[in-house]
There are 2 protein chains.
Amino acid sequence: MADVAAVAGVSHQTVSRVLNNHPNVRSGTRDQVMEAIRKLGYRRNRAARALATSHSSTIGILTIGSEFFGPQSTVLAIEAAARAQGYFVSVTALDRYDAHSATEALNHLVDQGVDGVVMVAPFEKVIDALDDAALKIPVVVVAARTSVPASDPARYVYVDQREGARLATGHLLALGHRKIAHVSGPTGWFDATERQIGWQEKMLEAKAPIIEVPAESWLAPSGYEAGKRLVDSVRVGEVTAVFAANDYLATGILRAFWEVGLDVPTDVSVIGFDDLQISNFLIPSLTTVRQPFRDVGHAALTELLEGDTADKSPKVIAPTLVMRASTAPPKSQ
Amino acid sequence: MADVAAVAGVSHQTVSRVLNNHPNVRSGTRDQVMEAIRKLGYRRNRAARALATSHSSTIGILTIGSEFFGPQSTVLAIEAAARAQGYFVSVTALDRYDAHSATEALNHLVDQGVDGVVMVAPFEKVIDALDDAALKIPVVVVAARTSVPASDPARYVYVDQREGARLATGHLLALGHRKIAHVSGPTGWFDATERQIGWQEKMLEAKAPIIEVPAESWLAPSGYEAGKRLVDSVRVGEVTAVFAANDYLATGILRAFWEVGLDVPTDVSVIGFDDLQISNFLIPSLTTVRQPFRDVGHAALTELLEGDTADKSPKVIAPTLVMRASTAPPKSQ
DNA sequence: TCACGAAATGTTAGCGCTAACATTACTTCG
DNA sequence: CGAAGTAATGTTAGCGCTAACATTTCGTGA
């Protein structure tokens with residue numbers, strides 16, 4: 001910076017002022033400084049800036065592993081939005097889904113001196129980690145946590161999972177189904193709980209039976225297992241439709257039904273959640289609930305950087321139903 | 001740090017020595033300092049450290065969007081490895097696949113003062129960006145660039161795409177196929193080129209015909225389009241097997257064949273590349289080539305941090321064939 | 001034309017750490 | 001038991017920037 005100042009014939013402070021868009025700089029001076037910067041290919045040292053201003057222009061993202069489509073998309077949206085605002089993004093992925101792991105990851109980000117953290121890890125244990133950490137920086141959590149204690153300093157941004165489940169269940173009910181099984185997501189995940197509640201609410205409203213098959217994980221093998229377990233019920237007509245907690249599970253379910261010769265949607269309807277890249281190309285193409293992950297990412301960053309301190313109510317984003325070929329009226333209607 | 005020093009009854013420099021594992025500290029003193037650190041909940045300021053040492057303990061990762069399974073997995077593996085080594089990871093995603101966009105992203109990382117960069121963006125234009133940038137920090141590129149000029153200071157780490165394509169093609173040939181079409185990936189991507197070359201080599205060796213159907217993108221809709229275009233050839237027996245450049249394309253192809261009533265693998269075999277989460281649950285389950293992305297990520301980080309300056313040869317990792325139900329001997333054998 | 005206030009620029013100090021050098025405390029051996 | 005050498009600790013300076021205050025320059029009205 002001293003070099004630039006020398007070339008431009010001003011003091012280093014004037015250079016700093018130009019770089020920080022200070023108002024009180026004559027435009028001629030500004031031009032000279034800019035020219036000197038260009039000529040020297042000068043770049044500000046970020047460490048020195050961070051030291052002097054005591055903020056790092058970096059936000060931390062804590063996320064979960066690669067197997068999850070939603071978090072991944074959200075993270076990328078946050079990154080894009082952050083970069084557009086001149087922020088840097090430091091990402092840390094969780095290898096295990098427990099509080100200890102989350103605490104460690106959080107500390108890692110705090111050690112780095114991030115100005116804020118977005119947590120894209122919608123399982124319940126992260127909340128414990130958050131409570132333990134007692135951070136002094138703003139935190140946004142992307143998770144459908146519907147009952148947040150007033151003492152919780154974090155802000156929440158999420159897609160209305162319960163509403164999505166209602167949309168899915170409502171779609172099946174409207175088609176004439178009543179025996180709608182729910183292959184629910186693993187315990188300990190906000191999304192799993194919320195989707196289960198939305199489905200159950202809708203079923204109780206319709207006075208329809210509650211048939212739940214819990215899945216071990218969010219992934220296709222668990223869906224396949226659940227599908228296997230459902231085959232008999234489908235054959236005897238005890239289940240005419242399945243609401244899978246996500247599209248991976250739905251893919252496994254489709255596969256399990258296919259293996260035993262059950263036709264979807266003739267014999268049984270299947271609906272998923274998420275709308276993956278390939279959901280439209282499955283056999284049959286999968287009816288599902290789409291989540292606007294980009295919007296979530298954007299909203300999360302906005303909330304982090306510009307969040308109104310007074311308004312700590314969660315930002316809730318609406319999902320949409322995507323109708324395709326895996327749902328149809330039940331056979332023996 | 002001064003506070004810690006005061007509490008421990010030593011100078012701040014001794015605290016620094018303890019923190020940096022300097023050998024010449026009496027163990028009693030070390031314990032006192034550690035105790036003071038614990039009591040005060042002290043954490044070193046990273047900006048100050050970066051300023052004093054002029055390195056940031058941060059590595060930058062430049063990657064591409066969410067739609068790609070491989071890069072995503074690789075990035076997460078790099079992150080995990082980096083964190084284990086005490087490094088921070090700053091991620092920047094490319095929104096477009098051109099040199100300008102890549103240059104911008106690279107500058108963004110350099111502005112942040114990263115100590116090194118890993119580029120997980122295997123399209124050819126990134127090389128231009130790299131050449132333009134003329135970075136002073138080490139760079140590792142995760143891309144199957146087989147002919148690297150000696151002047152290129154970057155190191156390369158990649159899965160042997162050509163070998164993977166040979167494995168896939170060889171598998172089909174071994175089953176008795178000769179009319180093997182290749183749905184190739186979009187132009188401008190190293191992986192697409194290499195896979196095409198591997199397939200072509202093997203086909204020429206076998207004196208089999210070269211039938212190539214280029215795909216517009218790496219995604220399922222393009223695969224679907226390509227599949228449609230192949231239907232007639234399959235029906236008249238001009239094509240008995242299809243090697244898709246990746247599993248998304250294969251998914252689209254399976255779907256296109258299914259729609260017109262062509263059975264896989266009875267009427268036509270299909271093989272993919274990547275081994276997605278759901279590839280084993282497609283209908284039929286997809287024979288494919290698996291890439292060890294975690295190994296790639298790990299190798300990339302190792303190369304970046306410990307890379308032997310003398311040995312700049314690329315680190316090449318072998319893919320494996322995963323046999324499933326989408327391939328079988330041709331019908332009229 | 002000069003005093004005055006505002007705009008523009010300069011000067012100084014310090015953010016929290018590490019590196020280099022200076023000093024003190026402890027060994028060890030003749 | 002003391003000199004020499006080494007281990008342990010302390011002191012000083014500076015990394016590159018910004019904030020706060022000091023100074024200079026400029027424009028304006030009586």
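In what follows, every chain begins at residue 1, and chains take the letters A, B, ... in the order their sequences are listed. These numbers come from the heavy atoms of this one structure, side chains and all, not from hydrogens, waters or symmetry mates.
Between A/Phe68 and A/Trp189, the ring-plane angle classifies as tilted under the 30° and 60° cut-offs.
Taking a cutoff of 4.0 Å between a charged side-chain nitrogen and a carboxylate oxygen, A/Asp111 and B/Arg46 do not qualify as a salt bridge. Salt bridge status for A/Glu79 with A/Arg83: present, with a side-chain N to carboxylate O gap under 4.0 Å.
Checking B/Glu104 against B/His100 by side-chain atom types alone, a donor-acceptor pair falls below 3.5 Å.
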Please write out the pairs of protein N or O atoms and N or O atoms of nucleotides 12-15 of chain D separated by less than 3.5 Å, giving the distance to one decimal.
none

Return the polar atom pairs (N/O with N/O) between nucleotides 7-9 of chain C and the protein under 3.5 Å, or none.
from  : atom 1 : to      : atom 2 : distance (Å)
C/dA8 : OP2    : A/Asn24 : OD1    : 3.3
C/dA8 : O3'    : A/Arg26 : NH2    : 3.4
C/dT9 : OP1    : A/Thr29 : OG1    : 2.4
C/dT9 : OP2    : A/Arg26 : N      : 3.0

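Straight-line distance from the CZ atom of A/Arg46 to the P atom of D/dC17: 13 Å, rounded to whole Å. Rounding to whole angstrom units, CE of residue A/Met1 and P of C/dT11 are separated by 15 Å. Atom CG of B/Asn21 is separated from atom C1' of C/dT18 by 15 Å (rounded to the nearest Å). Across the protein-nucleic acid pair, B/His22 atom NE2 and C/dC17 atom P stand 17 Å apart, rounded to whole Å. Atom CG of B/Asn20 and atom P of C/dC17 are 11 Å apart (whole Å).
Applying the salt bridge (charged side-chain N to carboxylate O under 4.0 Å, His left out) criterion to A/Glu124, with sequence neighbours excluded, gives no partner residue.
The side chain of B/Arg44 places an N or O atom within less than 4.0 Å of a non-bridging phosphate oxygen (OP1 or OP2) of C/dT18. Regarding contacts with the backbone of D/dT18, a side-chain N or O of A/Arg49 is found under 4.0 angstrom from either OP1 or OP2.
The heavy-atom pair separating A/Phe293 from A/Thr74 by the smallest distance is CD2-OG1, 3.5 Å.
Side-chain contact between A/Leu301 and A/Ile59: present, with at least one pair of heavy atoms (C-beta onward) separated by less than 4.5 Å. Proximity of B/Thr14 to B/Arg17: side-chain heavy atoms (C-beta onward) are separated by under 4.5 Å at one or more points.
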